[in-house]
Amino acid sequence: VQDKIEKALNGGGFTRYTWNLPYEEKLEEKVVYSEYEPKWGWVVTAGTYVTDFNKEANLILNLTILLVVFVVLGGIFLSSKYISAIVNPLMTVEKGMKAAGYGEFREVETIKRTDEIGSLINGYNHMINAIENANKKIKTYAYYDQLTGLPNRNMLKEHINERLSSGCTEYHLILVDIKDFKVINSIYGNDYGDKIIVLLSDYLKKFKENKVKFSRCSGDEFAAWVENWDVVTLNDSLMTMHEELNNILFANGHLNRHDFYISSCNYDC
């Protein structure tokens with residue numbers, strides 16, 4: 001008590017001593033702060049047991065640690081989300097570019113973003129679309145006749161090689177051309193000759209229903225690779241074709257009769 005009074009009169013201070021816990025025989029260290037109140041002439045003290053103080057301090061410390069851990073984990077989670085939002089689209093574009101290097105042109109999944117990453121994805125997809133369109137045009141020029149829309153000689157050759165490599169059975173190669181077509185072009189002009197070619201090709205396209213795919217091999221030459229047709233059916237079809245070709249030309253205003261060379265050869269293995 002004297003120590004408390006002395007420290008209070010000297011401006012205030014802490015006193016440490018041992019004292020019984022309330023309602024217990026156990027002794028614990030106690031800390032008391034003392035200060036003098038001049039208006040009342042009193043020495044006012046306030047104290048607590050060290051164990052009680054440690055409990056409060058430990059609670060605050062634990063809450064602080066928990067808060068720090070939460071902030072750190074939240075920061076890691078948000079950072080991973082942010083990094084993934086940048087890295088994942090870039091990896092997707094990289095995979096798409098590797099696939100494009102092997103000739104597989106496909107778009108990547110679009111994302112609703114207006115930043116540089118979104119612009120990159122949109123730009124990549126536009127590029128892939130442009131390449132696909134260019135490839136389609138190149139394939140069209142390489143494998144299709146521009147006047148008639150029929151497959152050309154290149155596609156016919158690839159088709160024949162593919163069918164021959166798949167196994168040997170009975171096949172027929174049909175050849176159709178117009179007799180003296182160069183003379184027709186010289187007399188009536190190329191436009192007249194092109195109209196005959198178009199009418200002829202439109203007629204030959206109808207054979208596709210019977211799994212016969214004609215190709216335009218050159219100016220007035222057409223060819224088809226036929227499978228699973230017996231010789232009698234094939235010959236009857238060729239005779240019918242010869243008659244119908246002139247009928248079609250006559251029905252479309254071409255009064256002059258034209259002659260056609262129609263032949264076939266058999267491949268049997």
Side-chain angles (χ1 to χ4, degrees), residues 103-104 132-269:
E104 299 179 10
E132 287 182 339
N133 291 333
N135 284 343
K136 289 179 181 178
K137 290 182 179 180
I138 293 173
K139 185 176 181 179
T140 299
Y141 288 125
Y143 291 104
Y144 290 89
D145 178 61
Q146 300 302 303
L147 177 63
T148 64
L150 288 173
N152 60 15
R153 181 194 297 268
N154 294 331
M155 181 171 282
L156 177 64
K157 290 173 64 176
E158 287 194 8
H159 178 70
I160 292 175
N161 290 332
E162 178 185 350
R163 298 307 299 156
L164 290 177
S165 62
S166 66
C168 293
T169 57
E170 186 176 1
Y171 302 103
H172 305 278
L173 178 63
I174 301 175
L175 301 175
V176 179
D177 67 358
I178 305 172
K179 183 179 180 180
D180 298 326
F181 187 70
K182 292 183 180 179
V183 177
I184 295 174
N185 274 338
S186 299
I187 296 175
Y188 298 102
N190 290 330
D191 290 341
Y192 180 87
D194 287 345
K195 291 179 181 178
I196 293 179
I197 293 297
V198 171
L199 288 172
L200 176 60
S201 65
D202 289 341
Y203 170 76
L204 295 177
K205 287 177 184 177
K206 296 179 181 179
F207 283 85
K208 191 175 182 179
E209 298 176 359
N210 296 324
K211 298 182 180 180
V212 180
K213 193 173 184 180
F214 274 93
S215 302
R216 187 187 182 193
C217 297
S218 63
D220 65 324
E221 296 178 354
F222 298 85
W225 187 253
V226 184
E227 301 182 23
N228 302 322
W229 277 34
D230 60 83
V231 177
V232 176
T233 302
L234 179 64
N235 290 334
D236 290 343
S237 298
L238 295 182
M239 291 294 295
T240 302
M241 182 187 300
H242 192 278
E243 293 298 324
E244 289 182 346
L245 285 174
N246 263 299
N247 293 336
I248 290 173
L249 295 177
F250 184 79
N252 285 273
H254 299 276
L255 302 179
N256 296 322
R257 182 175 179 83
H258 300 286
D259 200 5
F260 299 91
Y261 293 115
I262 302 178
S263 60
S264 66
C265 63
N266 180 58
Y267 179 88
D268 191 5
C269 183

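The structure presented is a predicted model; accordingly, all values stated were derived computationally and were not measured. When reading the values below, keep in mind they use all heavy atoms of this one structure, side chains included, and skip hydrogens, waters and symmetry mates.
- Residues forming a ring-ring contact (aromatic ring centres under 6.0 Å, His included) with Phe214 (at least two apart in sequence, or on another chain): Phe207.
- Between Leu173 atom CG and Ser264 atom OG the span is 8.5 Å, to the nearest 0.5 Å.
- Side-chain atoms of Leu204 and Met241, non-hydrogen and from C-beta on, do get closer than 4.5 Å to each other.
- Arg153 and Cys217 get closest at one heavy-atom pair: NH2-O, 3.4 Å.
- Residues Ile197 and Gly219 approach most closely at CD1-O, 3.3 Å, considering heavy atoms.
- Rounded to the nearest 0.5 angstrom, Glu243 CD and Phe260 CZ are separated by 10.5 Å.
- Ile160 has its side chain out of reach of Tyr171: every pair of non-hydrogen atoms, C-beta onward, lies at least 4.5 Å apart.
- Side chains of Ile262 and Leu245 form a contact here, defined as non-hydrogen atoms less than 4.5 Å apart.
- For the pair Phe222 and Ser201, the tightest heavy-atom approach, listed with the atom from each and the gap, is CE2-CB, 4.1 Å.
- Using a 4.5 Å heavy-atom cutoff, the side chains of His159 and Lys213 are not in contact.
- Glu158 pairs by the side-chain hydrogen bond (donor to acceptor under 3.5 Å, both in side chains) definition with Tyr143, not counting sequence neighbours.
- One finds the CG atom of Asn152 at 7.0 Å from the CE atom of Met155 (value rounded to the nearest 0.5 Å).
- Here the CG atom belonging to Leu238 is positioned 9.5 Å from the NE2 atom belonging to His172, to the nearest 0.5 angstrom.
- Two residues are said to be in side-chain contact when any heavy atoms from C-beta on lie closer than 4.5 Å; Asp220 and Lys182 fail this criterion.
- Applying the side-chain hydrogen bond (donor to acceptor under 3.5 Å, both in side chains) criterion to Tyr203, with sequence neighbours excluded, gives Glu244.
- Annotation: the span from Leu200 atom CG to Lys205 atom NZ amounts to 11.0 Å, rounded to 0.5 Å.
- Not a single side chain to side chain contact (heavy atoms under 4.5 Å, CB included) links Glu162 to another residue, sequence neighbours left out.
- Note that the OG1 atom of Thr240 and the NE2 atom of His242 stand 11.5 Å from one another [nearest 0.5 Å].
- Contacts of Tyr188 classified as side-chain hydrogen bond (donor to acceptor under 3.5 Å, both in side chains), with partners at least two apart in sequence or in another chain: Asn256.
- The two residues Gly193 and Asn185 have their closest heavy-atom pair at CA-OD1, 3.3 Å.
- Sparse packing is recorded around NZ of Lys195, with 12 or fewer heavy atoms of other residues, nucleotides or ligands lying under 6.0 Å away.
- Taking the side-chain hydrogen bond (donor to acceptor under 3.5 Å, both in side chains) definition, one finds that Asp145 meets it with Thr148, Arg216, sequence neighbours left out.
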